[in-house]
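One structure is given here, and the rest of the page talks about it.
Treat the numbers as computed from the prediction; the structure is a model and nothing was measured.
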Amino acid sequence: MSSFSGPLTEGLQCSICLDVFTDPVSTPCGHNFCKTCLNKCWDNSQTCNCPYCKETFNQRPDLKINTTLRELADHYKVKSAVKNLEDYICQKHKRPLELFCRDDQTCVCLMCAVKEHKTHNIVSLEEESEEKKTQLMKTQKDVKQMIQDRIKKIQDIKHSAEVRKRFYTEVLEMIEEQQKAAEKEEQELIEELEQEITELKMRNTELEQLSHTEDHLHLLQSYSSLSSPENTRNCSEISVKTHKSLETLSRALTKLQDTLNSKLIQTMSTELKWMQQYAVDVTLDPDTAHRKLILSDDGKQVRHGDTEQKLPDKPERFNFLVSVLGKVGFSSGRFYFEVQVKEKTKWNLGVVRESINRKGDIKLIPSNGYWTVVLRNGNEYWAYAHTDVSLSLRVKPQRVGVFVDYEEGLVSFYDVESSSHIYSYTGQSFTGKLYPYFSPCLNNRGANSIPLIITPVNDNK
């Protein structure tokens with residue numbers, strides 16, 4: 001067991017072995033342990049639960065190294081190892097240790113450095129200590145910022161969920177009130193009709209009896225009143241009242257639908273504005289472009305030409321799919337960009353893994369490293385997930401926004417002008433860099449010659 005101690009060590013200490021973390025992993029409940037310690041704990045138990053808070057997991061979690069926490073622990077170990085090393089003596093030369101060999105990761109005296117480490121990268125202990133301290137402070141700052149970003153995201157999601165919950169509760173209450181009002185009106189109408197039917201049957205019986213009388217004067221007097229009963233509802237009145245009731249209900253439902261659409265648009269608009277804060281400047285990479293693609297001088301537009309250009313066949317260049325990638329890749333955090341697709345009849349957009357196969361006919365699916373949404377035949381929108389997903393859109397997008405959250409495994413597509421959601425890939429596992437992906441597709445003899453245009457975010461022109 002190491003002899004480390006102090007407030008910082010407590011945050012970097014495994015509660016099982018009570019030592020500074022080695023290959024730290026996080027449980028779903030948020031607690032951290034050495035990977036080996038936690039695996040041994042679970043291997044010796046029939047259930048998987050958190051050794052700290054005892055929360056039980058139905059399935060054994062897939063443990064992944066928390067690289068940020070591991071870096072913190074390693075930096076602390078190095079810092080502790082080099083701290084106050086001037087108090088230690090070289091056993092070979094019986095003199096203080098005043099240097100640090102970065103190649104061997106050991107502390108040495110001056111004579112050792114001259115004789116045994118003369119070709120190595122040697123620095124003073126003070127210099128090494130200061131450098132590790134600087135690295136540690138930077139790592140602590142990055143971790144703090146990461147935690148603050150995660151807290152803000154959780155708060156935003158919680159607020160959005162509360163707004164939606166409150167809105168749907170109001171909608172359900174409105175529907176219930178309209179339904180109760182309609183049922184009450186219907187029941188009152190039925191009761192009135194039943195009463196009138198009963199009265200008509202009674203009058204019919206009286207008329208039948210009166211038809212057998214021989215007093216003709218009495219017959220004429222009585223028939224006049226019995227054959228024309230007062231307060232009797234005719235069919236036209238029932239029809240008009242029922243029609244008006246349906247019109248009232250229809251107006252209420254239309255108003256309800258308008259309110260629902262308005263609330264949804266407001267919610268999606270808020271979410272889209274939140275994503276747009278992660279906008280990045282995307283420029284097309286000509287070294288990846290298919291030979292028939294024509295890129296603008298500023299690298300913001302791409303269209304399909306009829307003839308191949310004489311370009312070197314580099315490994316990164318697409319040779320079958322008429323596609324091109326952005327110059328810059330992303331291996332962490334969030335990023336967002338927008339593309340104008342106006343007047344096109346066919347296109348592909350999304351992000352791809354850096355290691356994709358760029359030669360030959362490749363299906364645009366996640367298992368091949370492609371996360372895309374496509375347009376076909378002018379009005380057919382698809383997402384190629386594990387199975388092809390047909391997308392039903394209210395309006396035809398003129399500008400598409402693409403948002404990626406690397407750590408959350410999320411790729412989302414939005415119609416920017418209507419602030420509506422198109423499709424999302426969720427629960428993905430990304431490795432390596434992700435690059436923006438564009439394909440204007442074949443120009444189809446001029447019918448699809450309009451270029452894809454990377455547009456500035458919040459540019460409403």
- Okay, side chain of Gln309, backbone of Leu293: is any donor-acceptor separation there less than 3.5 Å? yes
- Is any side-chain heavy atom of Ile362 less than 4.5 Å from a side-chain heavy atom of Leu321? yes
- Query: With distance as the sole test, does Gln59 use its side chain to make a donor-acceptor pair with the main-chain N or O of Phe57 at under 3.5 Å?
  - Reply: no
- Query: Looking only at heavy atoms, what is the nearest atom pair of Arg303 and Ser449, with distance?
  - Reply: CB-O, 3.9 Å
- For Phe403, does its backbone N or O pair with a side-chain atom of Ser412 as donor and acceptor, under 3.5 Å? no
- Message: If you compare all heavy atoms of Pro312 against all heavy atoms of Arg291, which two are closest, and at what distance to 0.1 Å?
- Response: C-NH2, 3.9 Å
- Query: Are side-chain heavy atoms of Val25 and Asn66 found at a separation under 4.5 Å?
  - Reply: no
- Would you please test Thr47 and Trp42 for side-chain contact (heavy atoms from CB on, under 4.5 Å) and show each step? CA-CA 7 Å; Thr47 60; Trp42 285 349; over 6 Å; no
- Task: Mark yes or no for whether Ser296, through its side chain, and Gln301, through its backbone, hold a donor-acceptor pair below 3.5 Å.
- Result: yes
- Look at the side chain of Asp285 and the backbone N and O of Asp287, then say whether any donor-acceptor pair between them is shorter than 3.5 Å. yes
- Write out all pairs satisfying salt bridge (Lys or Arg N to Asp or Glu O under 4.0 Å) with one or both partners inside residues 357-368, taking only residues at least two apart or from two chains. Asp313-Lys359, Lys363-Asp388
- Query: Step by step, would you call Tyr406 with Phe430 a ring-ring contact (aromatic ring centres under 6.0 Å, His included)?
  - Reply: CA-CA 7 Å; Tyr406 193 98; Phe430 300 132; 5.5 Å; yes
- Query: If you take all heavy atoms of Val322 and Cys441, which pair is closest and at what distance?
  - Reply: CG2-CA, 3.8 Å
- Is any side-chain heavy atom of Leu452 closer than 4.5 Å to a side-chain heavy atom of Val341? yes
- Do Ser418 and Asp415 have a side chain donor and acceptor closer than 3.5 Å? yes
- Task: State, with a plain yes or no, whether a side-chain heavy atom of Leu97 is found less than 4.5 Å away from one of Ile89.
- Result: no
- Task: Show your working on side-chain contact (heavy atoms from CB on, under 4.5 Å) between Phe337 and Val400 and close with a plain yes or no.
- Result: CA-CA 8 Å; Phe337 59 94; Val400 176; over 6 Å; no
- Query: Do Thr68 and Arg70 pass the side-chain contact (heavy atoms from CB on, under 4.5 Å) test, and can you show the C-alpha distance, the side-chain angles, and the key distance before you say yes or no?
  - Reply: CA-CA 5 Å; Thr68 302; Arg70 180 176 63 184; over 6 Å; no
- Task: For the residue pair Gln340 and Gln398, establish whether any side-chain heavy-atom pair is separated by less than 4.5 Å.
- Result: no
- Item | Test item: side-chain donor near acceptor, Asn348 and Thr372, under 3.5 Å | no
- Centroid-to-centroid, Tyr370 to Tyr437, below 6.0 Å? yes
- Message: To the nearest 0.5 Å, what is the distance between CZ on Phe100 and CD on Glu127?
- Response: 11.0 Å
- Message: Whether the side chain of Lys300 engages the backbone of Val282 through a donor-acceptor N/O pair (distance < 3.5 Å, no angle test) should be reported.
- Response: yes
- Message: Rounded at 0.5 Å granularity, tell me how far CD in Glu98 sits from CG in Leu110.
- Response: 5.5 Å
- Counting only N and O atoms by type, is there a donor-acceptor contact under 3.5 Å from the side chain of Gln277 to the main-chain atoms of Trp274? yes
- Task: Please assess Phe318 against Leu325 for the test side-chain contact (heavy atoms from CB on, under 4.5 Å), listing each intermediate value before the final yes or no.
- Result: CA-CA 9 Å; Phe318 290 93; Leu325 302 183; 3.9 Å; yes
- Message: Please check this pair: side chain of Arg317 against backbone of Pro286, looking for a donor-acceptor N/O pair closer than 3.5 Å.
- Response: yes
- Query: Do Lys327 and Asp281 sit within salt-bridge range, that is, some charged N less than 4.0 Å from a carboxylate O?
  - Reply: no
- Enter the distance from Asn443:CG to His304:NE2 here, rounded to the nearest 0.5 Å. 6.0 Å
- Message: Does this structure show an ion pair linking Glu128 with Lys133, if we count only N-O contacts that are shorter than 4.0 Å?
- Response: no
- Check whether the side chains of Asn368 and Asn357 place a donor and an acceptor atom closer than 3.5 Å, and report yes or no. no
- Heavy-atom closest pair (Glu55 atom, Cys29 atom, distance to 0.1 Å) is OE1-CB, 3.1 Å
- Note on the structure: d(Gln135 CD, Asp74 CG) to nearest 0.5 Å is 11.0 Å
- Query: Would Lys344 and Asn448 count as having a side-chain donor-acceptor pair, cut-off 3.5 Å?
  - Reply: yes
- In Å and rounded to the nearest 0.5 Å, what is the OH to OG distance from Tyr423 to Ser390? 11.5 Å
- Query: Taking NZ, NE, NH1 and NH2 as the nitrogens, is one of them in Asp23 or Lys64 under 4.0 Å from a carboxylate oxygen of the other?
  - Reply: no
- Item | Pairing residues for Thr426 by the side-chain contact (heavy atoms from CB on, under 4.5 Å) criterion, not counting sequence neighbours | Leu410, Ser424
- Look at the aromatic rings of His120 and His117 and report parallel, tilted or perpendicular, splitting at 30° and 60°. perpendicular
- Query: With a 4.5 Å heavy-atom cut-off, do Ile422 and Tyr414 have their side chains touching?
  - Reply: no
- Task: Kindly say whether Glu408 contributes a backbone atom to a donor-acceptor pair with the side chain of Asp405 at under 3.5 angstrom?
- Result: yes
- Is it true that Glu131 and Arg102 make a salt bridge, defined as a side-chain N closer than 4.0 Å to a carboxylate O? yes
- Report the distance from atom CD of Glu343 to atom NZ of Lys396, rounding to the nearest 0.5 Å. 9.0 Å
- Task: Would you check if the side chain of His290 reaches a backbone N or O of Lys292 as a donor-acceptor pair within less than 3.5 Å?
- Result: yes
- What residues form a side-chain contact (heavy atoms from CB on, under 4.5 Å) with Gln276, not counting sequence neighbours? Leu272, Lys273, Tyr336, Glu338, Val416, Val457, Asn458
- Which of parallel (below 30°), tilted (30 to 60°) and perpendicular (above 60°) describes Tyr52 and His31? tilted
- Task: Give the minimum heavy-atom separation between Val20 and Ala73, together with the two atoms involved.
- Result: CG1-CB, 3.7 Å
- Query: What heavy-atom pair brings Pro366 and Trp371 nearest, and what distance separates the two atoms?
  - Reply: CB-NE1, 3.4 Å
- Query: Can you find a heavy atom in the side chain of Pro51 that is under 4.5 Å from one in the side chain of Phe33?
  - Reply: yes
- Query: Is there side-chain contact between Tyr381 and Val374, with heavy atoms separated by less than 4.5 Å?
  - Reply: no
- Item | Full working for ring-ring contact (aromatic ring centres under 6.0 Å, His included) between Phe335 and Phe330 | CA-CA 8 Å; Phe335 62 96; Phe330 304 86; 4.2 Å; yes
- Would one find more than 12 heavy atoms of other residues, nucleotides or ligands at under 6.0 Å from atom NZ of Lys342? no
